[in-house]
Amino acid sequence: MLKTKRLRNILVLLFTVLLLTLSLAAGATAGIASSSYKNSAIVSVDAGETWIVDRTTRVDVLKIADGAVITAPEGYSLTMTVNGIGTPIEPGTYIGNIVLTPTENIIVQYRELDPHYLKTGIYIENGKYVPEKSVAAVVSEGKVVGKSIKDVKITSNEEKFNGIIVTGNSKFNILNPQVYLTGNGGNDFAGYGAGIMTGGNADVTVDGATIINEGCIRPAIFVGDNSVLRVNNSHIESRNGTLPEDYSFTIEMGKMMECPWMLGIKGNCRTTNLVGNGTVYYNNCYIKSEAWGALSTDDTNTVRMYVTDSLIETVKSGYGAYSIGDSIDTFTRSTMNVADYGLIMANGSGSGVFDASVVNSGKIGVMMHGGNEGNLLINNGSVFNTKKAVIQVKSSYPTIVVDNAELNSESGIILQAVENDDPFMAMMMAGGGPGGPPAGDAAPPADTGSQEPKTINATFKNVTLNGDFMNAMTALGGLNLTFENAVVKGAITTATVEHATGPNGEPVTMDHPELYYLIGEFIPTYCATEDPYGVNATFARGSQWIVDKTSYLTGLTIAKGASVTAPEGYSLTMTVNGVERPIIPGTYSGRIVLAVNPE
C-alpha cells in the first residue's frame with residue numbers, strides 16, 4: 001500500500017510538471033496565437049511577440065517582457081485586473097488572480113479630437129447592463145440587480161478607466177458604491193476617466209457613495225448630455241496627479257490637463273464636471289478638491305446644479321463652484337471652505353444662488369469674469385467670510401441682490417469692480433494667444449465694442465455692512481448701487497488701481513505663470529476719474545450710509561427717511577461739481593465728493 005501511494009504521488013508530481021511545461025510552451029508561442037489561454041497557470045509574452053486576447057482569460061502568473069504586446073482584437077479594448085484591481089498592462093511579472101478582459105469599444109467623440117475609447121467596470125445603456133462593455137473582473141464586490149447597482153467596489157490604477165457609466169434612456173439607482181481610481185484621466189470635458197459618468201437621457205440616483213480619484217483631469221463625477229444625476233449622502237473627492245513629462249500648458253478644450261493659472265489658482269483635477277444640458281443634485285454630500293475646483297460646469301448649453309445641506313472644500317488652491325454660460329449653481333444650507341473663491345461666474349448668464357449658506361474663503365467670495373451678465377443672489381441668512389473682496393467683478397456686468405445676509409471682508413472691501421487682469425485675455429485682445437481656443441475656465445474677453453451702456457446693478461436689502469464699494473472699471477461700465485433697509489459703513493466710490501507685482505516688480509503676464517497667486521490682487525486709490533462711467537448710489541427710506549472715507553460718485557439719491565453721515569468724531573461735506581451742497585434728501589448728479597474730516 002505504501003509503495004502504491006508513493007507511486008501515485010510521483011505520478012501526480014510528474015503530471016503537474018507536465019502542465020506547467022505546457023503552459024510555459026503556450027506562453028512562448030504567444031506571438032503566433034490569436035486566441036487566449038483560458039485558465040492557464042503561467043503565460044509569458046516575450047519581446048517582439050503579440051498576444052491578442054479575444055476572450056476573458058484568467059492566469060496565475062503573467063510575464064510581460066519589454067517589447068511584448070498584449071492587446072484585444074480590432075473593435076475591442078483590453079483591461080487587466082490583478083486580484084480585482086485594474087492594472088496597467090506594462091512589462092513585468094504579475095502573480096495572483098490575473099484576469100484579462102476584452103470589451104467592446106465605447107466610443108466617445110469630443111469636438112474635433114480623435115475618438116476616445118472608454119473602458120468601465122459597469123456599463124448601463126438604455127436601462128440594461130451590457131456585459132460586453134463591462135469589465136466585471138474589476139468589480140470586486142456587489143452586483144447589478146434589475147435597475148440597481150448595489151454595494152459595488154471598483155478599484156483601478158489604470159489611467160483613463162471609468163468606474164460606472166450610465167447612458168441612453170436609463171433610469172437607474174446606484175447604492176453604496178465605492179470607487180477608487182488612480183492615474184490620469186483622458187478628457188474631463190467628455191468624462192473620460194470619471195468615477196461615475198452619466199450621459200444620454202439617463203436619470204440616475206446615487207446614494208451612500210464613496211468616490212476618491214487621484215490623477216490629472218480625473219473627476220469623481222461627470223454629468224453630460226441631457227442626463228440628470230442625484231447624489232445623496234456621499235463622500236466625493238479628487239486629488240492632484242502628476243502631469244505627463246511631455247505635456248505643455250494649454251487651455252484648449254479637451255486637451256487641458258491643469259487649470260488655467262490665469263484664474264489665480266493651481267491644480268490639475270476638478271472633482272466634478274457638469275456639461276451640455278445636464279442637471280445635478282447634491283444632497284448631504286461632502287465634496288472635496290485638493291486643488292482647481294470642487295464643483296465645475298463647463299462647455300455648457302443649459303445646465304443646473306443644486307447643492308443642499310452639503311460641505312464643499314478646496315484645500316491647496318481653487319474654487320468651490322464654477323458657473324459658465326447658461327448655468328445656475330444653487331446652494332441651500334451648505335458650507336464652503338475654500339482656498340481662493342467660493343463661486344466663479346463666467347461668460348453669458350452664468351449665475352449663482354446662496355440660500356442660508358456659508359462661504360469661508362481664503363481670498364474672494366464670488367468672482368465674475370469674461371463679460372459675465374448673470375445673476376447673483378445671496379439671501380436668507382447667508383454668511384460670507386473672506387480675506388479679500390467679498391464680491392469681485394472683472395470686466396463684467398452682473399445683477400447682484402444681497403438680502404438678509406452677512407458679508408465680512410478682512411480687507412474691508414465688499415464689492416470691487418475692476419478690469420479683467422487675466423494676462424491671456426490681454427494677449428487675446430492684442431490679437432494673439434497660444435494653446436488653441438480657450439476652455440470654459442479661461443473665459444473669453446468681454447465685448448467692449450457695444451454701444452449700449454453697461455452697468456453692474458447691485459441691491460443690498462436688510463443688511464448691516466462694514467466695508468467699501470468701489471468701481472475701478474469706469475472706462476468699461478458703471479456701478480449702480482441700491483440700499484433698502486440697509487446700514488453701510490464704508491466708502492462708495494470710483495477708483496483707480498495698480499496691479500500687484502512680483503518680488504522684483506515684474507508684472508503678471510503669460511511669461512510669468514509662477515505669479516498666478518497675484519491674479520485678482522489690486523492696490524486701489526479712491527478718486528474721481530475722467531472715464532465715462534462712475535458710481536450711482538441710492539439710499540431708500542430707512543437706510544443709512546456712514547461715510548468713513550472720502551468718496552467719489554457720479555450719482556447719489558437720498559430718500560426721505562434715509563441718512564448720509566460721518567462716523568462719530570468726524571465731519572462730512574458734500575460738493576457737486578465743485579459746489580458745496582447740504583446733505584439732505586434729494587437726487588444729485590455730476591462730480592460728487594463726500595469728504596470726511598476729523599472734527
Distance col, row Asp54:CG vs Tyr76:OH, nearest 0.5 angstrom, shows 9.0 Å
Review point. Quick one: is the NZ or CZ of Arg270 closer than 6.0 Å to the six-membered ring centre of Phe222, and within 45° of its axis?
Key: no
Q. Does Glu112 CD have over 12 foreign heavy atoms under 6.0 Å away?
A. no
Would you say the side chain of Ile106 lies within less than 4.5 Å of the side chain of Tyr117, judging by non-hydrogen atoms?
no
Treating Asn268 as the side-chain partner and Met257 as the backbone partner, does any N or O pair qualify as donor plus acceptor under 3.5 Å?
no
Looking only at side-chain N and O atoms, does Tyr180 offer a donor or acceptor that is under 3.5 Å from a partner on Gln178? yes
(message) Could you check whether any side-chain heavy atom of Lys363 comes within less than 4.5 Å of a side-chain heavy atom of Tyr341, counting everything from C-beta outward?
(response) yes
* Asked: Is there side-chain contact between Met253 and Asp299, with at least one heavy-atom pair below 4.5 Å?
  -> yes
(Q) Assess whether a salt bridge exists between Lys288 and Glu313, defined as any Lys/Arg side-chain N lying under 4.0 Å from an Asp/Glu carboxylate O. (A) no
**Message:** Using side chain to side chain donor-acceptor pair (under 3.5 Å), reason through Asp326 and Thr302 one step at a time and then give a plain yes or no.
**Reply:** CA-CA 5 Å; Asp326 185 0; Thr302 299; 3.0 Å; yes
Would you say the side-chain atoms of Asn184 pair up with the backbone N or O of Cys216, donor to acceptor, closer than 3.5 Å?
yes
Less than 4.5 Å apart, any side-chain heavy atom of Met197 and any of Leu118? yes
**Q.** Six-ring centre of Tyr94, Lys63 cation under 6.0 angstrom, axis tolerance 45°
**A.** no
Problem set entry | Donor-acceptor side-chain pairing of Ser296 and Asn273 below 3.5 angstrom | yes
Notebook entry, point to check: Between Arg230 and Asp203, does at least one N-O distance fall below 4.0 Å, as a salt bridge requires?
Noted result: yes
With Val307 as partner, the option from Val280, Ile312, Val353, Val231 fulfilling side chain to side chain contact (heavy atoms under 4.5 Å, CB included) is Ile312
Next on the checklist: Regarding Asp188 and Arg218, does a basic nitrogen lie under 4.0 Å from an acidic carboxylate oxygen?
Outcome noted: no
- Task: Kindly determine whether Lys160 and Glu158 satisfy salt bridge (Lys or Arg N to Asp or Glu O under 4.0 Å), including the steps that lead there.
- Result: CA-CA 7 Å; Lys160 305 176 184 178; Glu158 183 182 5; over 6 Å; no
_Between Asp421 and Ile519, is there a side-chain heavy-atom distance shorter than 4.5 Å?_
yes
I'd like to know if Asp355 and Arg333 make a salt bridge, using a cut-off of under 4.0 Å between side-chain N and carboxylate O.
no
In Thr308, Asp309, Thr205, the residue satisfying side chain to side chain contact (heavy atoms under 4.5 Å, CB included) with Asn232 is Thr205
Looking at Asn201 and Ser227, would you say the former's side chain and the latter's main chain have a donor-acceptor pair under 3.5 Å?
no
**OP:** Kindly say whether Asn162 contributes a backbone atom to a donor-acceptor pair with the side chain of Thr120 at under 3.5 angstrom?
**Re:** yes
- prompt: Under a 4.5 Å cut-off applied to non-hydrogen side-chain atoms, are Asn187 and Leu113 in contact?
  reply: yes
Inspect the contact between Lys316 and Asp340 and indicate whether a charged nitrogen and a carboxylate oxygen are less than 4.0 angstrom apart. no
- prompt: Is the side chain of Ser234 donor-acceptor paired with the backbone N or O of Cys285 at a distance under 3.5 Å, no angle test?
  reply: no
